[in-house]
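Notes for the one structure printed next.
Residue numbering restarts at 1 for every chain, and letters A, B, ... go by the order of the sequence lines.
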Number of protein chains: 2
Amino acid sequence: METSTPRRRVGRAERERQILDAAVAVFSERGYQNASMDAVAERVGVTKPVVYTHFGSKEGLLLACVARARTDLLEVTAAAAAAAQGSEDMLRQGTKAFFDYLDTQRPAWTLLYSEAAISAGAGPALEEIRAQQTDFIAALLATQAPDADPQRLAGWSQVIVGACERLALWRGQDPRVSSEQATEYLMDLAWTGLAHLR
Amino acid sequence: METSTPRRRVGRAERERQILDAAVAVFSERGYQNASMDAVAERVGVTKPVVYTHFGSKEGLLLACVARARTDLLEVTAAAAAAAQGSEDMLRQGTKAFFDYLDTQRPAWTLLYSEAAISAGAGPALEEIRAQQTDFIAALLATQAPDADPQRLAGWSQVIVGACERLALWRGQDPRVSSEQATEYLMDLAWTGLAHLR
DNA sequence: GCGGTAAGTTACCACGGGTAACCTACTTGC
DNA sequence: GCAAGTAGGTTACCCGTGGTAACTTACCGC
């Protein structure tokens, strides 16, 4: 089949995009462990060493996937928060955008929160995502509780980030839980608690 | 040196304990991925097929480690909660016992919350641990908010479990945060929030 | 002592990550 | 146009490690 295209050559940027797309799909379908580099390469219509020249190693490829998802996620949540008015609504809209992103980008979600934990090298990358999130949230909380100890603010941020991740995984198992509901359950405890601590 | 013990033979139960101990150590030291079954076997002073006759596969070995840690963790937290009086104190003492357990059993902690996520097969085992925790917590919360929708109670439980995991990871990176502080940060948001929702 | 069996060993396979050496489609300079 | 250079690709391989088949030996009951 494949009408006569003996060996199509493609620019570097384009190829990297193709490989990343294939990697996200393959990793999320078969799991990082069970996914072979050959499978990724084959999906692109290319051989293994090509993948290696672009991303160095299997872990490097995973890291690149994570990095791209991270950028997207940050973009989406930051935009939602920016469009809101007031601290409470910023947290609410940002959280909801987080859940919605994971809904529409299922493979990326699987990758980030189920598969990526696999690689020792991806751990730090995930921690960086969380650091972004906690910093952002700590700043938000500070507007509501300006007198609180910075460590306490950081702790609260950790609580919120952890809660979001867990709620996301929970929703993955039980799709009856809407992103609105998940957001509300978080706000119930987090924001209500905060409001009464001042 | 090992004075002259040519080939010591050991009972099944004892061997399994030895192998589990070695596996927890090796997996947490080098990471599940980088740990070889040969390394585990060598640590016990035995060859690879012995490990396989006991645990079937690398994943099986990991699962057995997780199962044991899970039993310990449940035991410790349940005991702490049972010794407390009143719902709030049960949540507080249970949470603190959780953090304290992870403090004293570092390798087990690493295994559960950094390495175990690696294996596709270990994922369900971890979810079962969480299910235990969330059920327990949901029952606790129900005493405080008897009128709440069950799904909402479940959601709040997810929030709390996620928060605990994240706080534990945070403490792993920053040892200045004591188990008491971590517990308090959780209670600040979770319990205070809950108290004002009734 | 003398089998029978549980406990262990050696020697191997296969699969997948990673690489070295080679090849070829396109571009650039003349 | 055409030679030369190079980015983009391929084939063929290595080696570590999960997993297993076939054989060996320490211990127990009798």
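- Atom CD in B:E16 sits about 14 Å away from atom P in C:dA6, given to the nearest Å.
- Interatomic distance, CG of B:L102 versus SG of B:C164, reported as 9.5 Å (0.5 Å rounding).
- With a 4.5 Å cut-off on side-chain heavy atoms, B:R68 and B:V24 count as touching.
- Residue A:I137 holds its CD1 atom at 12.5 Å from CZ of A:R130, rounded to the nearest 0.5 Å.
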5' to 3', nucleotides 10-16 of chain C under a 4.0 Å protein heavy-atom cut-off (B base, S sugar-phosphate only, - none) gives B------

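- Taking atom CD of residue A:Q33 and atom P of nucleotide D:dG18, one finds them 11 Å apart after rounding to whole Å.
- Proximity note for A:R12 (side chain, C-beta onward) versus D:dG8, D:dT10, C:dT9: the nearest is D:dG8.
- Straight-line distance from the NE2 atom of A:H54 to the C1' atom of C:dG18: 16 Å, rounded to whole Å.
- Every residue two or more places apart in sequence or in another chain that forms a side chain to side chain contact (heavy atoms under 4.5 Å, CB included) with B:E128 is listed here: B:R70.
- Residue A:E14 qualifies as enclosed at atom CD: its count of foreign heavy atoms under 6.0 Å is above 12.
- Residue contacts for A:S57: at a heavy-atom cut-off of 4.0 Å it reaches the sugar-phosphate backbone alone, with no base atom in range.
- Applying the salt bridge (charged side-chain N to carboxylate O under 4.0 Å, His left out) test to B:R171 and every residue at least two apart in sequence or in another chain returns B:D103.
- Between the C1' atom of C:dC26 and the CD atom of A:E14 lies a distance of 17 Å, rounded to the nearest Å.
- As a whole-Å value, the separation of B:Q18 CD from C:dA7 C1' is 13 Å.
- Considering only side-chain atoms of A:R15, the nucleotide from D:dG18, D:dG9, C:dG8 that sits closest is D:dG9.
- Between A:Y52 atom OH and D:dT11 atom P the separation is 17 Å, expressed in whole Å.
- As a whole-Å value, the separation of B:F55 CZ from D:dG19 P is 14 Å.
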